[in-house]
Every structure is written in C-alpha cells, then in structure tokens.
Colleague: 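Here you go, one structure.
Ligands are counted one by one from 1 in listed order, and the atoms in each one are counted from 1 as well. Worth saying up front: this structure is predicted, and the values here are computed from it rather than measured.
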Amino acid sequence: MKKHNFSAGPSILPEFTIKNTAEAVINFAGTGLSVMEVSHRSKEFIAVMDQALALFKELLDVPAGYQVVFVGGGASLQFCMAPYNLLKTKAGYLNTGVWATKAQKEAKLFGEVIEVASSKDKNYNYIPKGFAVPSDLDYLHITSNNTIYGTEIKTDLDLGVRLVADMSSDIFSRPIDISKYDLIYGGAQKNLAPAGLAFAIVKEDALGKMDRAIPSMLDYRTHVTGESMFNTPPVLPIYSALQTLIWLKDNGGIKAMNKKNIEKATLLYDEIDSNKFFKATVESAEDRSIMNVCFVMNDGYEELEKDFMALAVAKGCEGVKGHRSVGGFRASIYNALPKESVQALVDAMKEFATKH
Ligand SMILES: *Cc1c(COP(=O)(O)O)cnc(C)c1O
C-alpha cells in the first residue's frame, strides 16, 4: 500500500530528490565514488554548491544586496546566530509558540529583548495582531509558520521595522518579499533536504555593525566570504537540497507550488470544517497554516480519537499524530506531499463519519 507521509519534520521530500540522492551515494556525477567520499572542494562538488546557491536565489527572487549561505547546526543554531550578528541593543520578538520562545531565549544572551505580543494565552492557536512595535528595535523576530500549532503569517509584515524570520517550515511554499527582511533562516528538513543543514538569506548591509567579537563559525560573513565552504559543509544534505530545488523549478517554481499548497490546504480545512467529528484548532482562516494543519476531535467525540487514528493508519496515512502540546492530529502537507495524499486523509475522514 502507498504510504502518505504527513510527518512534521524530518518530512516528505520529492521522489526525485530521494532517487537522485540515492544514486549519488553510490556514484556521484560519474566519478565512480560516493558523494559522501569525495572532497567538498572537488570540481564536481563545487558545481553542486554553486548550482544550489544560484537556484535558491533564483527561485526565491533574492534581490541584489542579499547573500544565501548554507550552514550546519539546524534552525536552533540560527536562534543564536541571528542575535549574535544583528542584535546591538534591543530586539522585539513575537511569541507564537515553542520555537519562537526558544529563539527569544537565545536573544536575551545578547541584548534587551521585548516580547511585542504573545498568543500563549490560547495555546498559540492564533497570530497576535495590532500590537505596538517600538521604532528603535534592531529588528523584529517572527516565526512565519508555527509548525507545532498550525498558524502562519502568510504575508510579509509592514510594521516599520526590519524583520528577521524563522521560515523553517514554510520556505519555498509561497512567494516572499525578501527586501523587507534583514535575515531569513531555517532548518532544511521541512521543505528542502535531510536534516543537518540550515539556510540563511542575509542582507549584506545588516552585517558588520556589532561591537562584539563573533566567533568565526557563528559570523555570517565567514560563510558569505567562504561561499558556504569555510569548513566542510554537510555535503549530502546540500546535494539533496539541489535536487529539491531542481524539482521545484521543473514544477513551475514557487508560484505554482503556492497554488498547489493552497488547494491542498483548502481541501483538508474544508473537510475538517464540514465534518461534525472534527474541529480545527486554529479558527481564523487568515491564521491557518498551509503547511501544518492541526485538528482535534470535535466536542463530544473526544473518545473516538484512537479510532480515527487507527483508520488513518490503516489507510496508509503516517505521521498524523498531533504534537504533544496540542494533541489530536497534525497533517503536515509540505511542498512534496501530493494532493492525492491529502485526498486519502480526507477520504478517511469521510469514511469515519459514515461509519459512526
Ligand atoms: C523544526 C523547526 C525548528 C527547529 O529546527 P532544528 O533544525 O531542529 O533546530 C525551528 N523553528 C521552526 C519553525 C521549526 O519548524
């Protein structure tokens, strides 16, 4: 039976990425050697890095004055690299969940941090709006997609301050206006590549303004100058990232991906909203993520949760168990997840409603 992979992260990657990576593990670029056992400074691997960085910029329309770097350490290391490089005196953080809280905690090591707003009062099931933002912030940090709670900021905020965004779980899912950000970063394992890799899109003008000394590995300038090869980069995830970027381009790029993502999300949310056994945890359509769809059993049907889980698994739907802090179900419907997988979950929900 075909498995439908709704895992939150690491998560589904295009078959194109998996197959080409598997092949390169055996025989990389006709070298007769594995991509894991050749020098990262070989001409074959440098070509991979160059093409990956170029396609990354092309697909996201990264404007002049910005650099893209690949670094290790995941998004969690970016929680510290961002303030290390950009927080001079004061930064604002929007608290929309666990990841946003962790990012904020790291920033406090580097300067004054103001929590501009929080949705903690309702277990982060909405995006705060209409909050005041001091004009003297070095930056405002946002988490554009809250993987655990299924909320998303789907527009580029215009709040009169420079933005820094954790886009781990919605990068490449929708067009973004990079010019509004000083920094966008994320772990690769949600929409791009296997774990072990993070990306950062950084504004060159925003760098080099700190009085503090920054360790080389944590200084974005090191990776810009070193073209993401200051030290040995995670070669395998970078090879896979390139495959995903080629796949994205071959499939119409970000606009086409966004259209498909909205169709998939609409299909699932419509079923949740119309099926009396289920309830979305995020009420406002505006705040609902098109990447992570969180839902629970509706009031009065809570005891049927195990039954639906069993049916979903029987239909080949893997990874739909909700995060422990939200409960219920979470369907992660990243770029690589085909619409037919969403349809399989929707069909399971319809079948469940008929049976009960
Ligand atoms: C998964 C995730 C992280 C953590 O990423 P790591 O690479 O494990 O450090 C951070 N932020 C968001 C929004 C995530 O979804």
Colleague: Which is it for Ser168 and ligand 1 at heavy atoms under 4.0 Å: side chain, backbone, both or neither?
Modeller: side chain
Colleague: Would you indicate whether Glu305, at its atom CD, is surrounded by more than 12 heavy atoms from other residues, nucleotides or ligands within a distance under 6.0 Å?
Modeller: yes
Colleague: Can you measure from CD (Glu58) to CD1 (Ile254) and round to the nearest 0.5 angstrom?
Modeller: 10.5 Å
Colleague: Could you go step by step and tell me if Lys90 and Asp138 meet the salt bridge (Lys or Arg N to Asp or Glu O under 4.0 Å) rule?
Modeller: CA-CA 6 Å; Lys90 188 157 82 174; Asp138 292 325; over 6 Å; no
Colleague: Would you tell me whether Gln343 and Asp347 have side-chain atoms, one donor and one acceptor, within less than 3.5 Å of each other?
Modeller: yes
Colleague: Give me the nearest non-hydrogen protein atom to atom 5 (O) of ligand 1 as residue plus atom name, then the distance to 0.1 Å.
Modeller: Ala75 CB, 3.4 Å
Colleague: Specify the protein heavy atom at minimum distance from atom 11 (N) of ligand 1: its residue, its atom name, and the distance to 0.1 Å.
Modeller: Asp166 OD2, 2.6 Å
Colleague: Pull out every atom of ligand 1 sitting under 4.0 Å from any heavy atom of Thr143, numbered as shown with elements.
Modeller: 13 (C)
Colleague: Closest non-hydrogen protein atom to atom 9 (O) of ligand 1, residue and atom name please, with distance?
Modeller: Ser76 OG, 2.6 Å
Colleague: Heavy-atom contacts under 4.0 Å between Phe79 and ligand 1: side chain, backbone, both, or neither?
Modeller: side chain
Colleague: Please write down residue, atom name and distance for the protein heavy atom closest to atom 14 (C) of ligand 1.
Modeller: Lys190 NZ, 2.9 Å
Colleague: Is it the case that the side chains of Asp287 and Tyr149 hold a donor-acceptor pair, with the cut-off being a distance below 3.5 Å and no angle test?
Modeller: no
Colleague: Is the number of heavy atoms from other residues, nucleotides or ligands within 6.0 Å of NZ (Lys306) greater than 12?
Modeller: no
Colleague: Does this structure show an ion pair linking Lys259 with Glu263, if we count only N-O contacts that are shorter than 4.0 Å?
Modeller: yes
Colleague: At a 4.0 Å threshold, what atoms of ligand 1 neighbour a non-hydrogen atom of Gly74?
Modeller: 7 (O), 9 (O)
Colleague: Gln189: heavy atom below 4.0 Å from ligand 1, yes or no?
Modeller: yes
Colleague: Distance to 0.1 Å, residue and atom name: give those for the protein heavy atom nearest to atom 15 (O) of ligand 1.
Modeller: Thr147 OG1, 2.4 Å
Colleague: Counting only N and O atoms by type, is there a donor-acceptor contact under 3.5 Å from the side chain of Lys190 to the main-chain atoms of Ile12?
Modeller: no
Colleague: What do you reckon, does Asn145 put a non-hydrogen atom under 4.0 Å from ligand 1?
Modeller: yes
